[in-house]
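What follows is one structure encoded as structure tokens, with my remarks underneath.
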Amino acid sequence: MSGTHDRLVYMANQIARNFAVQGETAAIAATARHIHDFWDPRMRDAIMAGEDAGLSDIAAGAIARLRGTLRSG
Amino acid sequence: MAYEPQADFGTPEVRADTQVTLTIDGRRVTVPEGTSVMRAAAECGGAIPSLCATDSLAAFGSCRLCLVEVDGMRGTTASCTTPVAQDMIVRTQTPRLEKLRRGVMELYISDHPLDCLTCSANNDCELQDTAAEVGLRDVRYGYAGAHHLGQQPDLSNPYFLFAPDKCIVCSRCVRACDEVQGTLALSVEARGFASKISAGQRADDFLSSDCVSCGACVQACPTSALMEKSVKAHGKPERAVITTCAYCGVGCTFRAEMRGEQLVRMVPWKDGKANRGHSCVKGRFAWGYAHHQDRITTPMIRESIDQPWREVSWDEALAFTAGRISAVKAQHGARALGGITSSRCTNEETFLVQKLVRAGFGSNNVDTCARVCHSPTGYGLKTTFGTSAGTQDFDSVMDADVIVVIGANPTDAHPVFASRMKRRLRQGAQLIVIDPRRIDLVRSPHVKAAHHLPLQPGTNVAVMTAMAHVIVTEGLADEDFVRARCDWDEYQDWARFVSASQHSPKFLEAVTKVPAAELRAAARLYATGGNAAIYYGLGVTEHSQGSSTVMAIANLAMATGNIGRAGVGVNPLRGQNNVQGACDMGSFPHELSGYRHISDAATRRMFEQDWGVALDPEPGLRIPNMLDAAIDGSFRALYIQGEDILQSDPNTRHVAAGLAAMDCVIVHDLFLNETANFAHVFLPGSTFLEKNGTFTNAERRIQPVRKVMETANGLEDWQVTQALANALGLGWAYTHPAQILDEIARLTPTFAGVSWDRLEREASLQWPVNDQFPDGAPVMHVDGFVRGKGHFVVTDYMPTDEKTGPRYPLLLTTGRILSQYNVGAQTRRTANTAWHPEDVLEIHPLDAENRGLKEGDWARLASRTGETSLRVSVTDRVAPGVVYTTFHHPETQANVVTTDYSDWATNCPEYKVTAVQVTPSNGPSDWQEDYAGLTARSRRIAAEPGE
Amino acid sequence: MTTDAVIAEILAAHPREQSALLPILHDVQAEFGYVDAAAERIIADALNLSRAEVHGVVSFYHDFRSAPDPRPAVQICQAESCKARGIDMLMQAARDAAGERVRLAPVYCLGLCSVGPNARVGDRLHARLDEAQLVSLVTAQ
């Protein structure tokens, strides 16, 4: 998706921001789960393959977690 | 069924614990206490002649025909206004009564044109019937004296006429407008012999008055004084078919009254549980689009979108389509294919489209127009309560003491339900309106909100949090309910969060612009005013925090114990007729029917066994992601049934670019809509009058849609989808939607007890219908939440990223108007345009003056995304800094200015908040003119097929 | 003061309740001599009634006029008792005296049945009228 990496980063950050109130650990888990449950695989692959630049800490944590679980599967 | 008007019991049904037994003409009758003698007589088959009584209206006692004799009472008494009493002895037919009735009838007829044979109500007229019933044989008074004959009819309403010479001034129309519709547009002008039914004031006609053309007066009229023009044109109906309206999510049931294949009129069905015999201007009158000349009834294809369309046979169209789909799949894989289901179509059609995508295309790239309206409802209510649906039936509002309307405008968008709500408000329920705009409910005749919180668009979560703050910190929460029904620890976390000082109404006032005292009062009323019910609409969902607001609403309802009984609850007002159904049917890319996630292996296995294919276990693309992926090249073919995403979805240019990038766009619709400008295949659709199936309304009520006339294109929509599936080699063999419904029931636990036969018998069912709820569930979560314990979710207010600034200082919010519906594909092709010929921009007088704009001026409306032009209406309905428009007309293309921002959880677009600038303009913008050119080019149809 | 401002003052003197409709209409009629369509709208809006409702009430009562009529008015009773006492025989003379200049308005009973025929001008009642008295009453306006 051309220019869409930015859009995916935006979406991930927006999700993370809305979970942030739960505290960082819970928010990372919730964000990862949300992306896992609702994103098409090509979107997940794209954000996992991309740079973390621009991702908030929670979003980056969630993407890192997804890299761990999805790639091993 | 053969044509016969519905039975009329004269006065409304009464519900009472005590039963009363009386004797009418020698027959013993038992009825609830408070029932009128007239109704008691009608219930035992002995209808008493009357003219001013009808069972949708309170008794009036003016026509003096329904007189009866009652033992122990002097004289004769009007049976409509006389309640039954234990052991009362009533006689409805005696020589004295005969003489009196005949004398009264003689007076009525002495001032009535005796043109029955050429009257449009001939043989369908209560005056005529009553004259026969009372045995009127002679009229002694000639026309030499004063009379009302020869008065000119009022033809101003496009759908019905008022003929004063046929009027007997029974007041039924006036009372229907007052009691049923609640608009109070009619009155009796003058008095005595000069009395005349008057719409508005002396100089008004029906069109210029407050009349909203709901048809209640026409329905109530016992003569042809108020009569549908279509009956005048086509004659008396000969048969009637009960079916469900295809406009909004209220789901009114109608009798489609027919002559041959001609629809003569739509009449609200009194037994319809959603509408209880009422209707609005859309459902009752705006069906002319079904026969509009713009309808396309022949399939069309083209190699590329710069070519003219070529009319072809169904076989050729399907072969062409299957070829393209197969080619894309071969080259780019199944995940390059997708489909969009429609909230306008039936459950069965929707189910088949998602089945085609999942089982035929082999991807989960299926989405639905609920993406852009109520997807946050699905997410939010599923998360908090455990089910993606409203909690109540519509009747529940009659038990509410406090009604909260948030981000909804029921009198325009859900008019028939709004009339019920207004009836309850006139009975004394209190109203809280939370909306940036002063909607009609805030103040209109006999209705006045106790509190209107005119919040800044985009601050719903902050307002909900502030209300929660008041409820928790003032000790108004129902902790017993919470302890019993919800997760107590989660509640405490939530209560701690909302109690923080930065969530006080005073602190948040800077953000919400809602005066703290007013918000506090509203919160107290909600928590302590008795049964409190929340009704909300797209003003809640279409925000970057749409899902959060839905959850915040659910939190409030749980915290105050307003869940699980009549009169309370959380009620999304669904925009389209079958939004609920389309969502139920597995239209979302991540879930199968009944809201079960695609990754759930057990559920998937059930479908795989039934369908005989393997399913992709990963969620598919949502509509905006499909468009992104199309531009990116990884998504290339889209089947769109009954939806016009180019006009309805945000950021029109982005949608256009996405569609233009695809190899195959298949539009299945009634008209060459805006999306079809980018299509390669056009498959003609069928209207709701031309097919069988079911719709599910906002109260989870599954209702039958019945075929009342033959299809114009030869195939019902489910047959088109089946033909496409079979062109792809799937071998489907449904012969009736009942079989599809059986499949849905087989695969969906909440629909387990639903079948076509059962709907034929019971008229409607409210899901869940299964072993636990064999007769369905009017109210949900009665004994416990579907998910077990109610789940409090802390919702933290986040300002939207769409910010005003010096270049775009105003906030645009969008909405609906009564006479038009959604993108207007239907209503623009009816006489409803008499009320709303174009979209206009509402702007506050201060903002208008600053810009030198006057009422009716053209203005340029520009955002960071795009610009359009439209006329302005200067009004203080909107606050300074806020402008408002509708998106019913493609000429305006309001979505050219809306942005890509969307709900964080569901990507539901943020239609309700766009930063804009408004400046004077000379007329349509460049984009509008370019687009008009594109539309003209892309709608060309080659003169001869095959040319 | 503009018409709207005067009506606003009248409205301010009454409670904003539907029951205030008739007293408000009386005050407006007294102030202007009529209640026109514009006034109906303002009053309807203030009391949260529909304009049709207010129009229904205004048009029901003969005393409320919808347009100004600068002519002086004489109300002459046409009810049974005054009929019995011969009012019909005086009417032609009264009409001749009134011409276009004075408005003759029928009323039905002024509550002085034993001393009819009766008429009223403003708040002043006139009883035991004969033709000459009635003509002079009309002419004097």
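First the proteins, then the strands, lettered A, B, ... as listed; each starts at 1.
Neither the backbone nor the side chain of B:Asp493 comes within contact range of chain A; no heavy atom of the residue lies under 4.5 Å from a heavy atom of that chain. Heavy-atom distances place no part of B:Tyr797 under 4.5 Å from chain A, backbone and side chain included.
For B:Tyr901, the ring pair (Phe, Tyr, Trp, His ring centres under 6.0 Å) partners at least two apart in sequence or on another chain are A:Tyr10.
Taking 4.5 Å as the heavy-atom cut-off, the residues of residues 590-601 of chain B that approach chain A are B:His590, B:His597, ordered by number.
Here the closest non-hydrogen pair linking B:Lys803 and B:Arg864 is O-NH2, 2.8 Å. Nearest heavy atom pair, residue B:Val461 against residue B:Thr795, reads CG1-O, 3.9 Å.
A perpendicular orientation is assigned to the rings of B:Tyr491 and B:Phe792, their planes being inclined by more than 60° (bins at 30° and 60°).
With respect to B:Arg335 and B:Asp616, a salt bridge is recorded, a charged nitrogen being found less than 4.0 Å from a carboxylate O. B:Lys789 and B:Asp487 are not joined by a salt bridge, as no carboxylate oxygen comes within less than 4.0 angstrom of a charged side-chain nitrogen.
Taking a 6.0 Å sphere around CZ of A:Arg33, one finds it holds 12 or fewer heavy atoms contributed by other residues, nucleotides or ligands.
Ranked by heavy-atom pairs shorter than 4.5 Å toward chain A, the options B:Asp801, B:Asp903, B:Asn907, B:Thr906 are led by B:Asp801.
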